[in-house]
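Worksheet: the structure to be examined is printed underneath.
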Amino acid sequence: MTDNGNAPCRLGVLVSGGGTNLQAIIDRIEAGEIRAEVACVISNKADAYALTRASQHGITVVVHENANFSNRQSYDTATVEILRSHNVDLVILAGFMRILTDVMVNAYPNAIMNIHPALLPAFPGLHAQQQALDYGVRYSGCTVHFVDCGTDTGPIIMQSVVPVEQDDTEETLSARIQKAEHQTFATAIKLFVEGKIRVDGRKVRIAA
Ligand code: GAR
């Protein structure tokens, strides 16, 4: 994607939980390190603490629960309407615990980023940290990737490696990975905003 001239890139951040990644992104924007603004934060959970974090920074929040929708496509159609009404350029899945349909993916081609708590293609889906522990890997980490219609299968933008300690639990490994997530996600967003990311099939090229 390209640098959109003078206007800051408008981010639409989708969340379901605590929002530590959202917080890291807000902090980097407020520090002047990423030329972007969070146009809206959308949560599929009314009680997500991420909503409180967004409100504390004066960011528009939208609670968008799935109970009123008969299927995933109609939910995503409504999500796209919300994103478009806020003129979103880049969609950020920051702990958004739903699989997107083609409705979302086609509305924002190569402009939806997800953070996953493992080194993809290892351990996609839920409980990636526990999957890594159960497998016995010595290293895990996080992956930022563009979203396609599969589960954690889109082109990989950045990865960071984190060691797995012998006495790790899901909680301790998750906490170590999250620290890496906060750096890695913000850096990937910065590269996108600066127009330095190009997608070539499965490969993501990053300009120097
Ligand atoms: C993060 O660790 C992220 O990797 C994970 O949810 C957490 C959200 O934390 N996402 C997934 O597992 C998606 N498959 P946060 O709400 O504190 O940013």
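For the numbers below, each heavy atom of this structure counts, side chains included, while hydrogens, waters and symmetry mates do not. As the structure is a computational prediction, the values presented were derived from the model and not from experiment. Read the numbers this way: they start at 1 and go in the same order the structure lists the ligands and their atoms.
Under the 4.0 angstrom criterion for non-hydrogen atoms, Gln23 is not in contact with ligand 1. Taking 4.0 Å as the cut-off, Ile115 counts as a neighbour of ligand 1 on heavy-atom distance.
Geometrically, ligand 1 and Glu181 share a nitrogen or oxygen pair separated by less than 3.5 Å. The shortest N or O to N or O distance between Gly19 and ligand 1 is under 3.5 Å. The N/O atoms of Asn21, backbone and side chain alike, include one that comes under 3.5 Å of an N/O atom in ligand 1. When only interatomic distances are considered, the shortest N/O to N/O separation between Thr20 and ligand 1 falls below 3.5 Å.
Here the side chain of Arg10 pairs a donor or acceptor atom with the backbone of His86 at under 3.5 angstrom.
When only non-hydrogen protein atoms are considered, atom 9 (O) of ligand 1 lies nearest to Gln178 NE2, 2.9 Å. Scanning the protein for heavy atoms near atom 13 (C) of ligand 1, the closest one is Met97 SD, 3.8 Å. What sits closest to atom 5 (C) of ligand 1 on the protein, heavy atoms only, is Pro117 CD, 4.0 Å. Among all protein heavy atoms, the one lying closest to atom 6 (O) of ligand 1 is Gly95 CA, 3.7 Å. Of the protein's non-hydrogen atoms, the one nearest atom 14 (N) of ligand 1 is His116 ND1, 3.6 Å.
Leu83 contributes atom CG, which lies 11.0 Å from atom CG of Leu11 (distance to the nearest 0.5 angstrom). Taking NZ from Lys45 and CE from Met97, the interatomic distance works out to 9.5 Å, rounded to the nearest 0.5 Å. In this structure, the separation between CG on Asn44 and CG on Asn66 is 6.0 Å, given to the nearest 0.5 Å.
Residues Ala111 and Leu90 share a closest heavy-atom pair of O-CD1, 3.4 Å.
Counting atoms of ligand 1 from 1 in the listed order, those under 4.0 Å from a heavy atom of Gly18 are 16 (O).
Between Tyr75 and Phe96, the two ring planes are parallel [angle under 30°; tilted spans 30° to 60°].
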From CA spacing to verdict: side chain to side chain donor-acceptor pair (under 3.5 Å), His145, Gln159: CA-CA 9 Å; His145 64 95; Gln159 296 185 298; over 6 Å; no
Audit row: Thr101, Gln73, side chain to side chain donor-acceptor pair (under 3.5 Å) steps and yes/no: CA-CA 6 Å; Thr101 66; Gln73 267 85 3; 4.7 Å; no
